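Everything numeric in this text was worked out from a predicted model, so none of it was measured.
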Amino acid sequence: MAANNRRMSGKKGAQVGSGGQRRRGLEGKGPTPPAEMRKGHKKNRVANAKAKQAVRRPVARGRGGKGTSEMVVGRNPVVEALREGVPAVTLYVQQFIDNDERVREALQLVADRGGVHLMEAPRPELDRMTNGLNHQGLVLQVPPYEYAHPEDLANAAYDHGEDPLIVALDGVTDPRNLGAAVRSVSAFGGHGVLVPERRAAGMTAGAWKSSAGTAARTPVARCTNLTRALEAYKKQGIAVVGLAADGEHEVGDLQALGGPVVIVVGSEGKGLSRLVGETCDFRVRIPMPGGAESLNAGVAAGIVLYEAARRRA
C-alpha cells in the first residue's frame, strides 16, 4: 500500500491554491499586432528602413515644385486625418503605448488603407521629431504635396475642349480656406486652384481635410509671382476677375464669367493686394443684404464659381 502511494504521489496535476494561473494562461493576450510592428520580424525591419529613408530623403522639385513633409501630431488629429483620406507615408507609434480606442482605430485605418508604413519608436524619438509637442504616442507623416504648374490648369481645360475655370488665392493664409476653395472648384467643374509660394497657405493636412477628399482629383498649382502668372493667363485670352467689396460689377451681371476665366479671391479683411487688383480685367462684388463686411475665401469662391457654372450650363 505504501508503494502504491509513492507511485501515485509522482503524478502531475493542478495544485490547490494555484489562483487560476492555468486558466489565465489560456486566455491569450489580445489580437496579434501587424507584422510591421512585431520587433524582429522582416516586415518590421523593412518598414523601419523605409520610414527613415522617407524622413531623410531630400525634397525634389518638379514643374510646380513640392511642399515639405508634415507631421500630424496627437491621437485625435491623426485619427481624423486618416478618416479623411489625408495622404500618409508613415504612422509612428510610441513603444508601450496605452492601447485605447483611438490607437486601435488608427492602426485599423492604416491596415485597411495599405501603403502606409508602421514604425514603433521610443517616446524620446517622437519628442525629437515633433519638437516636444504633445503627440500622445501617435505621429503621422504626410508626404510633400506635388504642385502643378499654372500652365497645367489651363491645358487640362483645353485638353477636354472646355474653357478654363480657375480660382487664384491672393494672400489667403488659412489652409482650411484653401481646402474649401479646392472643394468648391471640384463641385462646380473647375480646373484647379492657383496659390503663390510665399505668404500663402499650402496643401497641408488641414487643407486636405477641408477639401473632403476632392484634393485627390483637383490640382493645386503654385507660382513664384501671382501677378506674373495672371498676366500669362491674360495673354492666353483668359479673363482675370477679382473679388472686391467695391467692385464695379455685381457678380450676377458679369458676362465674362461664362468664358475662360480666372477668379481671384483675396484674404478676408485685406482683400486683393494692390498689384493683383491692378492686373484684374474686372473687379466684381458679391451683394450682401445682411450687411456682413466680408466672406471667407472658400465661401466667396463658391458663390462666384456657382455663377460661372450657371452661365456655362
Side-chain angles (χ1 to χ4, degrees), residues 29-60 66-147 173-180 182 200-213 215-216 220:
K29 298 181 180 180
T32 303
E36 290 86 348
M37 293 189 64
R38 296 206 296 271
K39 191 173 181 180
H41 195 284
K42 180 180 178 181
K43 288 189 176 182
N44 177 260
R45 294 194 298 271
V46 172
N48 290 351
K50 288 183 178 179
K52 290 178 181 178
Q53 290 174 3
V55 172
R56 296 172 182 169
R57 187 181 298 121
V59 175
K66 283 191 177 184
T68 56
S69 182
E70 180 189 2
M71 297 293 182
V72 179
V73 176
R75 298 189 183 187
N76 284 336
V78 165
V79 170
E80 290 172 4
L82 290 170
R83 284 175 182 168
E84 295 294 337
V86 174
V89 175
T90 305
L91 175 63
Y92 294 91
V93 182
Q94 181 181 312
Q95 290 177 342
F96 313 116
I97 190 173
D98 292 334
N99 195 8
D100 67 5
E101 291 183 4
R102 294 168 297 176
V103 174
R104 289 193 292 271
E105 183 176 358
L107 294 173
Q108 188 61 54
L109 288 168
V110 166
D112 293 342
R113 179 189 295 192
V116 180
H117 302 300
L118 277 172
M119 185 171 180
E120 194 173 29
R123 177 166 186 148
E125 177 64 14
L126 296 184
D127 291 341
R128 183 194 64 78
M129 290 170 54
T130 61
N131 293 321
L133 294 176
N134 184 21
H135 51 74
Q136 299 175 306
L138 286 184
V139 178
L140 186 69
Q141 183 187 8
V142 178
Y145 181 80
E146 295 187 12
Y147 291 93
T173 57
D174 190 339
R176 293 171 296 183
N177 273 331
L178 171 56
V182 170
M203 282 305 296
T204 62
W208 269 96
K209 287 169 60 179
S210 296
S211 77
V220 175

Next item on the list: Would you list the pairs meeting salt bridge (charged side-chain N to carboxylate O under 4.0 Å, His left out) in which at least one residue belongs to residues 81-95, sequence neighbours left out?
Entry: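 Qualifying pairs, neighbours excluded: Arg83-Glu105.
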Of all heavy-atom pairs between [X] and [Y], which one has the smallest distance, and what is that distance?
X	Y	value
Pro175	Thr204	CB-OG1, 3.4 Å
Trp208	Ala216	CZ3-N, 3.6 Å
Val72	Ala205	CG2-CB, 3.6 Å
Ala121	Leu126	CB-CD2, 4.0 Å
Ala106	Leu82	O-CD1, 3.8 Å

Just how far is it from atom [atom1] of [X] to atom [atom2] of [Y], taken to the nearest 0.5 Å?
X	Y	atom1	atom2	value
Leu91	Leu109	CG	CG	9.5 Å
Arg75	Gln136	CZ	CD	6.0 Å
Leu140	Thr90	CG	OG1	8.5 Å
Glu80	Lys209	CD	NZ	4.5 Å
His117	Tyr92	NE2	OH	9.0 Å

Tell me whether [X] contacts the main-chain N or O of [Y] through its side chain, where contact means a donor paired with an acceptor under 3.5 Å.
X	Y	answer
Ser210	Ala207	no
Tyr147	Met203	yes
Asp98	Asp100	no

Check: Distance only, no hydrogens: is a donor on one side chain within 3.5 Å (strictly under) of an acceptor on the other, for Asp112 and Gln108?
Finding: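 There is such a pair (donor and acceptor under 3.5 Å, judged by atom type) between the side chains of Asp112 and Gln108.
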Minimum side-chain heavy-atom gap [X]-[Y] below 4.5 Å:
X	Y	result
Val89	Val142	no
Val93	Leu107	yes
Met71	Met129	yes
Tyr145	Val220	yes

Notebook entry, point to check: Does CG in Asn76 sit with more than 12 non-hydrogen atoms of other residues, nucleotides or ligands closer than 6.0 Å?
Noted result: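 More than 12 heavy atoms, drawn from other residues, nucleotides or ligands, come within 6.0 Å of this atom.
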Check: Quick check: are there more than 12 heavy atoms from other residues, nucleotides or ligands sitting under 6.0 Å from CZ of Arg176?
Finding: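 No, the 6.0 Å shell around CZ holds no more than 12 heavy atoms from other groups.
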Next item on the list: With side chain to side chain contact (heavy atoms under 4.5 Å, CB included) as the test, would you mind laying out the steps for His135 and Gln94 before giving the verdict?
Entry: CA-CA 9 Å; His135 51 74; Gln94 181 181 312; 3.4 Å; yes
Note to self: Using side chain to side chain contact (heavy atoms under 4.5 Å, CB included), reason through Leu118 and Val110 one step at a time and then give a plain yes or no.
What the structure shows: CA-CA 8 Å; Leu118 277 172; Val110 166; 4.0 Å; yes
Notebook entry, point to check: Between Val103 and Ile97, does a side chain to side chain contact (heavy atoms under 4.5 Å, CB included) hold up when you go through it step by step?
Noted result: CA-CA 9 Å; Val103 174; Ile97 190 173; 3.7 Å; yes
Next item on the list: Start with the C-alpha distance between Asn99 and Arg104, add both sets of side-chain angles, then the distance that settles side chain to side chain contact (heavy atoms under 4.5 Å, CB included), and finish with yes or no.
Entry: CA-CA 7 Å; Asn99 195 8; Arg104 289 193 292 271; 3.1 Å; yes
